[in-house]
Amino acid sequence: MTRSLLMGSEALAEASVLAGCRFFAGYPMTPFTELLENFAVKLPGAGGVCINAESEIEAVGMAWGASSTGARAATGSTGQGLALMQEALSEITRAELPLVVFNMARGQGDYYQATRGGGHGDYRHVVLAPADLPEATDLIQLAFDLADRWRNPVLLYGDYLLAHTHEAVDIQPLDFEPLPGKDWALDGSLGGSGRSRSVNPLGMEKGSKRIDPEGLWKRLQAKHEEIERREVRSQSEFTEDADVVVVAFGSVARTVRHVVAKLREEGRRVGYVRPITLWPFPLAAVAEAAQGARQVAVLEQNAGQMIDDVRIAVAGSAPVRAIGGISTDPSSFGIGSLLEPANVRERILCALEDREIPR
Amino acid sequence: MSEPRVLSTDAAPDEAARVIEPARPKLLRGEDHDLCPGCGEPLAVRVLLEAIEALACEQRSIAVMGIGCYTALSTLIDVDSVQALHGRAPSLATGVKRMRPDSLVFTLQGDGDMASEGLQEVIHTAARGESVTCVMLNNGVFGETGGHMTATTVLGQRTKNTLEGRDASYHGHPIGMAEMLAPLGGSAYVARAAVYDARSVTAARRMLQRAFESQLAGEGFSFVEILTMCPTGWFIPTAEGPGYLDEVLGSVHGVGELKVRGELHEHPTEPEN
Ligand SMILES: Cc1ncc(C[n+]2csc(CCOP(=O)(O)OP(=O)(O)O)c2C)c(N)n1
Ligand code: SF4
Ligand SMILES: [Mg+2]
């Protein structure tokens, strides 16, 4: 085991290349920029390509083209850039192409964007939300595996802390189940044989005038339902006898995990659930944790987005309360006081003691 | 490709006439399509396939399809293809080519797709000198949506939203795509063709072939604009399509080669045989 002190962006680029990523395209924006810089450094040496695209729309288009040849490809931005990519992200889902997308978000206000999306039609993306860098370097390898396995975009939800903090990491290649071959990948070789390939999001098939969008969308729906059954991931601790169950994700959950462990040492009956997949959301884990709890407290760094999914999961079996909120510094990069342990502790105590959250 | 056979016409044939080879390009899976009678797009696509065959690139070509009437033809093209969003084909082609540098990669877009919705894509792809060929079928309208003005619609042209003809003071001016892309440092071959008669169709095939040759030689970005008839979107009788194309669109969007092997031609001319 060799641990190195790496900036999050460098570690994520390194783990991606280790996972076989050979194409990246992006457009600079804080706090995503360093990820692009690191891909630009690492990919050429690995036989890959990194393009400084002329916009996020072109970045996702380039990654789409690369993915259609079977290459492991990724793109990313912050929520703003991802907003520009939405049309492509939903269409790529319909084209059933693998793609890994980083959101180095400015806080947690992009939860809706990540889990609901702003693209057209019925589509879903797997969304992975690491709490720290060692977990992120594993989850990004998982992201490339899941993208290929399900032929679906997978989004990694990070933030300024993940992208910019130096942490000690030991990046090791993970083993995954064997994947099916990419017989759909375009290489031109079957031209003229009557069996040329087609990557098509519209339900069109070579050699046929029939277009079957309904069949395509139903197949996608069945696939997404299968992903919901198979790919849910979460972490829970101290929930069996908890009065208050805190639900939090990403960097915020990292602080929550630490604070809850301390409060337990002090004998407070508090536990937490940390969704690792924001979609599919760990409905069963949250529902189970809520059993017997006096209150479910949602601590997210936004005006209240994940709380919708928590309410769906809890389904009225316990009161659900928001104890997070908008929290940022003047840079607007989302590094607000809500991330401080003292603040998180105070908010959880408010839930335990049925006090108002100080504004 | 087999050598074309030439029949002697000096004397009466000694056997009855028969088909000696299929006239249809091998890469065309069929000829049954739902585009309008008199549409120029199937013609343009056909000569594009012929150009691929002439270069023996049948098994190394990858198409990136835009969104317009020509999209429906992608099922007839026996070439690997990826369907892009409206306007976005050049960036997909970039990703394809970077991962498959030995392939012949081309886009098939319309004027609405390339010049209206996705203008920035093609300009940057050209400036980058990306080793792909972008093909724009220019009929001066959104044919697919029913004949609306695009960025190439010529002044005076009637469309659904320029009912009295395009008026510069109200609707702005058309963009000459070939003229805009030719001066860019990354573009190596830029030409404009048309498909309104047998001669222009032959020239279009030649220009496509020369664009593909330029790509295969690694010269940089190549671009072929092809003026195509759209009698439906022009609201004229089918038979008047070729004449309208030549006179109305052709008088503004002049046919010829604007740039060859990175050299600008001051007076665009059609390529020699
Ligand atoms: C983002 C987006 N906007 C609008 C459309 C609707 N649309 C489909 S085809 C088309 C115009 C196509 O024009 P062109 O590329 O010139 O092709 P033509 O139909 O003339 O062959 C439009 C506007 C779309 N598909 N996507
Ligand atoms: S509307 Fe125009 S471009 Fe479309 S198929 Fe008809 S003639 Fe062709
Ligand atoms: Mg058009």
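In what follows, chains carry the letters A, B, and so on, assigned in the order in which the sequence lines appear, proteins first and then strands, with residues in each chain numbered from 1. Note: hydrogens, waters and symmetry copies are ignored here, and every other heavy atom, side chains too, is used.
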Exercise. Given that the side chain runs from C-beta out, which part of B:Asp32 has a heavy atom under 4.5 Å from chain A: side chain, backbone, both or neither?
Worked result: both
Problem set entry | Shortest non-hydrogen separation from A:Ala66 to B:Met99 and the atoms involved | CB-CG, 3.6 Å
For this session: Dump the intermediate steps for side chain to side chain contact (heavy atoms under 4.5 Å, CB included) on B:Thr75 and A:Ser208, then the final yes or no.
Result: CA-CA 6 Å; B:Thr75 60; A:Ser208 162; 5.9 Å; no
Exercise. At a heavy-atom separation under 4.5 Å, does B:Ile67 approach chain A through its side chain, its backbone, both, or neither?
Worked result: side chain
Seminar exercise, completed: Cut-off 4.5 Å, heavy atoms of chain A, and the answer for B:Val82 is both
For this session: Have a look at A:Glu58 and tell me which of B:Arg88, B:His124, B:Gln120 forms a side-chain hydrogen bond (donor to acceptor under 3.5 Å, both in side chains) with it.
Result: B:Gln120
For this session: Below 4.5 Å from any heavy atom of chain A, which atoms of B:Leu85 appear? Answer side chain, backbone, both or neither.
Result: both
For this session: Tell me, for B:Ala63 versus chain A, whether the close heavy atoms (under 4.5 Å) come from the side chain, the backbone, both or neither.
Result: neither
Exercise. Considering all heavy atoms of both residues, which atom of A:Ser196 and which atom of B:Asp78 are nearest to each other, and what is their separation?
Worked result: OG-OD1, 2.5 Å
Problem set entry | Steps toward side chain to side chain contact (heavy atoms under 4.5 Å, CB included) verdict (A:Lys206, B:Ser81) | CA-CA 9 Å; A:Lys206 290 268 186 201; B:Ser81 48; 2.7 Å; yes
Exercise. Hey, which of B:Ser103, B:Ser74, B:Ala93 has the most heavy atom pairs under 4.5 Å with chain A?
Worked result: B:Ser74
Exercise. Taking B:Arg98 for the side chain and A:Val49 for the main chain, is one N or O donor matched with an acceptor at less than 3.5 Å?
Worked result: no
Seminar exercise, completed: The interface call for B:Thr71 against chain A, heavy-atom contacts under 4.5 Å, is both
